[in-house]
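Working notes, structure below.
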Amino acid sequence: MAEMSGAEDAGGEAGPGATAGVGGSAGSAGAAGVGRAAGPAGQDCPEAIRRALAAHTTMTLAYVDEDGPQACAVLYATGVMAGAEAGGAAAAEAGGPSGGASGAASGVAGAGAVGAGPALYFVTATTTRHGRALVEPGARVAFTAQRDGQEWSGLTGLQGRGRCRPLTGAERAAGWQVYVERFPFVAASDRLRAALERTTLWELRPDWLRLIDNGQGFGHKEEWSGR
């Protein structure tokens with residue numbers, strides 16, 4: 001989206017040109033943004049950012065591999081990434097697939113989190129170009145999420161950075177529950193469900209997020225850092 005372009009490339013984890021404006025948080029336009037609100041590092045992710053993430057289902061994921069920067073679009077579902085203490089309690093409450101997606105996701109994703117924030121779940125094979133890049137030790141990604149066809153006066157969208165990891169065992173089961181609740185057509189199709197269940201489920205944990213919402217004033221920004 002146009003408001004999210006250009007100035008943030010200075011951060012560079014995903015490399016210039018991978019997606020519009022997802023590379024870093026200290027670009028000149030971001031620092032001067034009108035109405036920018038930034039919470040202290042390590043605090044809970046603001047509700048406005050959580051709602052915006054939950055409102056979308058497609059993100060453009062940017063990464064770097066041996067051939068340079070690249071980007072791809074993936075469907076995602078979001079769940080809560082709670083702090084370590086809350087995570088343990090949520091895991092005990094969840095108890096399995098019938099315990100509810102949000103509670104299960106909190107339990108498996110919470111341990112070791114610095115600030116309470118969202119976790120994004122997506123499916124892709126490790127044999128894809130981005131799958132191969134994401135499994136590399138220390139690999140970082142950047143992403144954007146926004147709707148098409150927006151007017152400038154109400155333009156909204158998200159930028160983020162973080163790390164991805166493949167899920168297995170109980171963590172995969174909990175993340176999968178979040179995913180199929182967001183995309184019920186997956187569970188409704190035996191063929192599609194079987195194909196995706198054989199594919200790797202990933203968790204993306206953002207450590208920096210920015211919401212842009214022109215509906216609250218041109219260039220309005222709200223940021224969160226989980227570090």
Side-chain angles (χ1 to χ4, degrees), residues 42-47 49-59 61 63 72-128 130-131 134-135 137 139-141 143 145 158 160-209 224 226-227:
Q43 298 300 305
D44 288 2
C45 183
E47 185 61 29
I49 294 180
R50 294 179 185 274
R51 286 197 304 267
L53 279 170
H56 301 297
T57 60
T58 306
M59 63 176 167
L61 191 66
Y63 60 95
C72 61
V74 296
L75 292 176
Y76 75 91
T78 183
V80 174
M81 183 177 72
E85 292 181 6
E93 266 188 6
S98 61
S102 59
S106 297
V108 300
V114 176
L120 311 182
Y121 301 97
F122 63 96
V123 176
T124 195
T126 55
T127 55
T128 62
H130 53 283
L134 298 183
V135 297
R140 287 180 58 77
V141 299
F143 66 92
L158 293 135
R161 295 193 305 270
R163 298 184 187 276
C164 299
R165 66 187 183 105
L167 298 179
T168 59
E171 290 187 310
R172 191 189 194 284
W176 179 251
Q177 187 71 13
V178 175
Y179 193 84
V180 296
E181 286 190 11
R182 188 68 175 94
F183 303 113
F185 61 84
V186 173
S189 168
D190 292 341
R191 182 177 180 183
L192 179 59
R193 183 181 67 252
L196 292 185
E197 284 179 342
R198 293 192 299 269
T199 306
T200 303
L201 180 71
W202 298 78
E203 177 193 74
L204 166 55
R205 293 190 180 189
D207 52 42
W208 176 81
L209 289 163
W224 170 80
R227 294 187 175 186

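We're numbering straight along the sequence, starting at 1.
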*Which atom pair, heavy atoms only, marks the closest approach of Leu201 to Trp176?*
CD2-N, 3.3 Å

*Roughly how far, to the nearest 0.5 Å, is the CD atom of Glu171 from the OH atom of Tyr121?*
8.0 Å

*Indicate the atoms forming the closest heavy-atom contact of Gly79 with Val178, along with that distance.*
N-CG1, 4.2 Å

_When you compare the side chain of Arg163 with that of Arg205, does any pair of heavy atoms fall below 4.5 Å?_
no

Exercise answer: donor-acceptor pairs, residues 183-192 side-chain atoms, under 3.5 Å, sequence neighbours excluded:
| from | atom 1 | to | atom 2 | distance (Å) |
| --- | --- | --- | --- | --- |
| Ser189 | OG | Leu192 | N | 3.1 |
| Asp190 | OD1 | Arg193 | NH1 | 3.1 |
| Asp190 | OD1 | Arg193 | NH2 | 3.0 |

*asked:* Please find the pair of heavy atoms, one from Leu209 and one from Cys45, that lie closest to each other, and give the distance.
replied: CD1-SG, 4.0 Å

*Kindly assign one of parallel, tilted or perpendicular to the pair Trp202 and Phe122, based on the angle between their ring planes and the thresholds 30° and 60°.*
parallel

*Report yes if the side chains of His56 and Tyr76 come closer than 4.5 Å at any heavy-atom pair, otherwise no.*
yes

*Quick one: closest heavy-atom pair of Gly162 and Leu204, and the distance?*
C-CD1, 4.0 Å

_Interatomic spacing from CG in Leu75 to OG1 in Thr57 - rounded to 0.5 Å_ = 5.5 Å

*OG1/Thr128 to CG/Leu134 distance, rounded to the nearest 0.5 angstrom?*
7.0 Å

*Shortest non-hydrogen contact from Pro206 toward Trp224*: O-CZ3, 3.5 Å

*Any donor-acceptor pair under 3.5 Å linking the side chain of Arg182 with the backbone of Ala54?*
yes

*Have a look at Met59 and tell me which of Val141, Leu53, Val74 forms a side-chain contact (heavy atoms from CB on, under 4.5 Å) with it.*
Val74

*State, yes or no, whether a side-chain contact exists between Leu61 and Thr124 at a heavy-atom distance under 4.5 Å.*
no

_Could you tell me if the side chain of Asp207 sits less than 4.5 Å from the side chain of Arg140, heavy atoms only?_
yes

